[in-house]
Protein chains: 2
Amino acid sequence: MPNKSAVPISLVTIKAACSQCSLHELCLSEGLSKEELSKLDSLVGARRKLKRQQNLYRAGDPFEAIYAVRTGFFKTDVLLEDGRDQVTGFQMAGEILGMDGIGTEAHTCNAVALEDSEVCVIPFSQLEQLSREIKTLQHNFHKVMSRELVRDQGLMMLLGTMRAEERLAAFLLNMSQRFTSRGYSAAEFHLRMTREEIGSYLGLKLETVSRAFSRFQEEGFIAVQQKHIRILDGDGLRKLLNHQPR
Amino acid sequence: MPNKSAVPISLVTIKAACSQCSLHELCLSEGLSKEELSKLDSLVGARRKLKRQQNLYRAGDPFEAIYAVRTGFFKTDVLLEDGRDQVTGFQMAGEILGMDGIGTEAHTCNAVALEDSEVCVIPFSQLEQLSREIKTLQHNFHKVMSRELVRDQGLMMLLGTMRAEERLAAFLLNMSQRFTSRGYSAAEFHLRMTREEIGSYLGLKLETVSRAFSRFQEEGFIAVQQKHIRILDGDGLRKLLNHQPR
DNA sequence: TGGTCGCTTTGATCCATGTCAATACGATAA
DNA sequence: TTATCGTATTGACATGGATCAAAGCGACCA
């Protein structure tokens, strides 16, 4: 029972250039004039396809470009010497990857495609150059980075103060919201990552994630079938988040 | 027994302008030519003093400027509707505050002085304008934001995978390293925040923080006297971090 | 068609950290 | 000096999530 409702409407018309891209408002090109867009187009020429499980970049790779996800789904993770690792984010269409590398000239995390995916390669020095010419582009880029900082704040909040079920509820609502703003169904979607990856992202063990899923199903908040999730009672999940005991 | 060694050498010579500022390399002005610096000077004219416990800005405040800490010590925190809050960072001289506001035109967290402090006010639209003229400034700003992203990654790692004593060890080593790069003693410093604030930052309860401090003292890693910390065995702390059991 | 493999679910038990409570300490004010 | 208040330490106990272990389920392949 594949979730038909999750087929994106707008993505059908995707073309090569930013000027034609349906991800417009999520990405860097919002508010640009026609001629500005065409300048951006020439910058973003390169495209890169990745197979599932392929790395877009690895920690330590020299930093040269940032990437806009065109289609597909990614995770970023950090690996400690002692083997522990943590998923630091999941990225979907329209989201930008690789900004961690600017500060040190090298990437500090790994980015891996969780399904066959395609990204726009945005050479960073060229982006800086163009955004010295185009005020709106400059500001858009700053906004993207800032939003990433705010996202991180939210994740810290989650990791620092929430209990297991709250974390998972927050995660599901966040996924739902992001699918929505891409024209997919808010209520039904397919998770691309394993329980272990969810757990790593949420600071939990995979068993705990699994138990929380089961619990939510018992409560009637969601229907789970492997990686297919149907949200039956979003408010139920939201309540879990807000007036939590401690 | 105040820690004399923690008196900064370089800060004595602080003047008003970026061009004279000893925090140079930590801040936005690195690598700028004389004339570029003087342009930056005119932008950063405004200064703001804050008393201990005073807010630099609050969540929801309209975003207009970012701030460079000149002297003193800050915390940033996020407050949830249900009353839970989390400290998301501690900022000291040379560090930049307020970039969370760019994306939404409003600040998303609170910034509070933990001791009497002074900041340079950097009106953001002017900074954007000047960094369209000065490539190096533009790049410096991008680096600062990127480093903030990487810092957040580290904190997620800490919150997601480390146990209490590891977290505190990481925290102490980080503080020590930051004091060092400002010309203070690496081995002896004064914490400006309470156990509760440390706990909030590390995702622990204040009692757990206190116990970990006591434990480190028993082990001979540090000497604790209230907020005065002396690091006796930094390698001991580092070992705690690396070859940890799980 | 059966076998293997990766992923997920579920149960039983353990332990790190949270919780609650008492006490101590240090600064400041009366 | 003594009182007060915020902060820190320490102890006793409770518990949420980790850990260990065993099935279950689906997808893919031979």
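Just so we're on the same page: letters track the sequence lines, and every chain starts at 1. The structure presented is a predicted model; accordingly, all values stated were derived computationally and were not measured.
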Output a table of nitrogen or oxygen pairs between the protein and nucleotides 7-9 of chain C separated by less than 3.5 Å.
residue: dT8(C); atom: OP2; partner: Arg195(A); partner atom: N; Å: 2.8
residue: dT9(C); atom: OP1; partner: Arg195(A); partner atom: NH2; Å: 3.2
residue: dT9(C); atom: OP2; partner: Arg195(A); partner atom: NE; Å: 2.8
residue: dT9(C); atom: OP2; partner: Ser210(A); partner atom: OG; Å: 2.7
residue: dT9(C); atom: O5'; partner: Ser210(A); partner atom: OG; Å: 3.2

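Not counting sequence neighbours, the partners of Ala223(B) by the side-chain contact (heavy atoms from CB on, under 4.5 Å) test are Gln217(B), Arg230(B), Leu232(B). For Asp116(A), the salt bridge (charged side-chain N to carboxylate O under 4.0 Å, His left out) partners two or more places apart in sequence, or in a different chain, are Lys51(A). Qualifying ring-ring contact (aromatic ring centres under 6.0 Å, His included) partners for Tyr67(A), counting only residues two or more places apart in sequence or in other chains: Tyr57(A). With sequence neighbours left out, the salt bridge (charged side-chain N to carboxylate O under 4.0 Å, His left out) criterion links Arg151(A) to Glu148(A).
Between the CZ atom of Arg163(A) and the P atom of dT17(C) there is a distance of 16 Å, rounded to whole Å. Per the geometry, CG belonging to Leu240(B) stands 14 Å off P belonging to dA16(C), to the nearest Å. With rounding to whole Å, His228(A) atom NE2 is found 12 Å from dG26(D) atom C1'. In this structure, Glu166(B) places its CD atom 14 Å from C1' of dT17(C), rounding to the nearest Å. For Lys205(B) and dA14(D), the NZ to C1' distance is 15 Å, given to the nearest whole Å. With rounding to whole Å, Ile198(A) atom CD1 is found 17 Å from dG17(D) atom C1'. Here dT17(C) presents its P atom at 12 Å from CG of Leu202(B), a figure rounded to the nearest Å. Going from atom CG of Leu159(A) over to atom P of dG17(D) covers 13 Å, rounded to whole Å.
Remark: side-chain polar atoms of Asp61(A) are not paired, donor with acceptor, to backbone N or O of His107(A) under 3.5 angstrom.
Arg211(B) and Glu207(B) are not joined by a salt bridge, as no carboxylate oxygen comes within less than 4.0 angstrom of a charged side-chain nitrogen.
Using a 4.0 Å heavy-atom criterion, one finds that Gly203(B) contacts the sugar-phosphate atoms exclusively.
End-to-end axis angle for the helix from dT1(C)-dA30(D) to dA30(C)-dT1(D), using five pairs per end and rounding to 10°, comes out at 30°.
Results of the salt bridge (Lys or Arg N to Asp or Glu O under 4.0 Å) test with Glu95(A) over Arg70(A), Arg178(A), Lys75(A), Arg147(A) single out Arg178(A) as the only residue that passes.
Two residues are said to be in side-chain contact when any heavy atoms from C-beta on lie closer than 4.5 Å; Thr108(B) and Val78(B) fail this criterion.
Ring geometry, Tyr184(B) versus Phe179(B): the interplanar angle exceeds 60°, so the pair is classed perpendicular (tilted spans 30 to 60°).
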